[in-house]
Engineer: 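Provided herewith is a single structure, encoded as structure tokens, for subsequent inquiry.
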Amino acid sequence: MSNSPITRALFDEVMVPSYAPAAIIPVRGEGSRLWDQDGREYIDFAGGIAVNVLGHAHPKLVAALTEQAHKLWHVSNMLANEPALDLARRLCELTFAQRVFFANSGAEANEAALKLARKFAFDHAGPEKREIISFTPSFHGRTLFTVSVGGHPKYTEGFGPLPPGITHVPFNDIAAFKHAISERTCAVILEPILGESGVISATPEFLREVREQCNQHQALLIFDEVQCGNGRTGHLYAYMGYGVTPDILTTAKGLGGGFPISAMLTTAAIAASLGAGSHGTTYGGNPLGCAVAGAALDLISDPELLAGVHHKHTVFMTGLRRINQQFGVFRELRGQGLLIGCELAEPWRERSRDFLKAALEEGLLVLVAGPDVIRLAPSLIIPDELIEQGLARLERAIAQTLSTAA
Ligand SMILES: *Cc1c(COP(=O)(O)O)cnc(C)c1O
């Protein structure tokens, strides 16, 4: 068995069935293209779920990784390391933050943020101030705490008992939020742009009001920028585009450009509540991840790259509108920068996965965000020609799906 070829069929024999991967297995990537085991080429509008902000095998990231790999991989947090300190320093220079905590995934960064918010309230106001407000729909990760905060029943059913002290309020609903917040609220967590839940932007009024109410009730405001951060919106972090600053910001996905790393950013005063020994992770801030993220940050914080994201947004939107004029499949085209949602029109609702499958057949990787939305989250430096080529494949995939359904 160990000598038999590695195929998609092997997945069902050896992997926990919590994923249902596509039939092909990619073996190589370069820029915004991938090749599978049979040498077939795919254009990548999925970016590994909004992770590969600089495409695949970017030479500067490969160089940073290999250089660090020859020096030092891991020392644990019993010792500091140069790449982590350098990355933290630059994140502080580039954002509101004064202190950084590194972890390995988005869920862990959110776990740290939520624990910190509880602890900060405990230190300053006492044990009664412990309620967390989050919004529906939303997604904050898959640990027990973060699925409970996310609130999607599909992700919590059967996993109880769930941690208590969490209230859910409809996203962008100012009146419902004002009704829910109280002196007992220690934190409010939100995605400035809902990623998994349909690519829906917070309205600027909503974010401003949430900020104002958090100030009035001494609750910490946490922005989950795991997906919308790291240049995705054409701003280094989405909060910068809104001009509303959180107390804690979490990010992951694009941070390492494909290497697993996440970060929680906050102020010195809030960070003080996580004293020595109060929280930790073995791998968080490891030299390899921080070296790669440092190289990625150099590139994605470049104003020219960020301006390119706005430009590429327009290229996508123009092409998607053209496709929609022909087929009328989209009810709405939305999103910011290179996080784009195409909401399906009435007869095609609930069918996003059919379009994803048809796109794969045409040599194009896309994402969905729920059953009604096709989501695109390509590399931030995808060349304009590849956008056009990929859109041509999407157009064929749509034509194909419509013709087989008719
Ligand atoms: C992906 C995602 C997470 C979870 O990140 P993991 O690395 O999968 O743990 C949390 N929040 C948002 C907004 C995400 O998009």
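Order of appearance sets the numbers: ligands from 1, and atoms from 1 within every ligand. Nothing fancy with the numbering, it's 1 onward along the sequence. The shown structure was predicted, so the numbers you read here are calculated from the model rather than taken from an experiment.
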Engineer: Kindly write out the residues that satisfy side-chain contact (heavy atoms from CB on, under 4.5 Å) with Glu67, not counting sequence neighbours, or none if the list is empty.
Structural biologist: Lys71

Engineer: Would you tell me whether Thr251 and Asn230 have side-chain atoms, one donor and one acceptor, within less than 3.5 Å of each other?
Structural biologist: yes

Engineer: Flag the pair Glu108 / Thr146 as yes when at least one side-chain heavy-atom distance between them is below 4.5 Å, and no otherwise.
Structural biologist: no

Engineer: Between side-chain atoms of residues 281-291 and protein atoms elsewhere (two or more places apart, or another chain), which donor-acceptor pairs fall under 3.5 Å?
Structural biologist:
from: Thr281; atom 1: OG1; to: Asn104; atom 2: ND2; distance (Å): 3.3
from: Thr281; atom 1: OG1; to: Gly284; atom 2: N; distance (Å): 3.4
from: Asn286; atom 1: OD1; to: Leu288; atom 2: N; distance (Å): 3.2
from: Asn286; atom 1: OD1; to: Gly289; atom 2: N; distance (Å): 3.0
from: Asn286; atom 1: ND2; to: Tyr283; atom 2: O; distance (Å): 3.1

Engineer: Applying side chain to side chain donor-acceptor pair (under 3.5 Å), name anything that partners His235, two or more places apart in sequence or on another chain.
Structural biologist: none

Engineer: For ligand 1, output the ligand-protein N/O contacts shorter than 3.5 angstrom; if there are none, return none.
Structural biologist:
from: ligand 1; atom 1: 5 (O); to: Gly106; atom 2: N; distance (Å): 3.4
from: ligand 1; atom 1: 7 (O); to: Gly106; atom 2: N; distance (Å): 2.8
from: ligand 1; atom 1: 9 (O); to: Gly106; atom 2: N; distance (Å): 3.3
from: ligand 1; atom 1: 9 (O); to: Ala107; atom 2: N; distance (Å): 2.8
from: ligand 1; atom 1: 11 (N); to: Phe139; atom 2: O; distance (Å): 3.3
from: ligand 1; atom 1: 11 (N); to: Asp224; atom 2: OD1; distance (Å): 3.4
from: ligand 1; atom 1: 11 (N); to: Asp224; atom 2: OD2; distance (Å): 2.7
from: ligand 1; atom 1: 15 (O); to: Gln227; atom 2: NE2; distance (Å): 2.7
from: ligand 1; atom 1: 15 (O); to: Lys253; atom 2: NZ; distance (Å): 2.7

Engineer: Do Arg99 side-chain atoms and Thr266 backbone N/O form a donor-acceptor pair below 3.5 Å?
Structural biologist: no

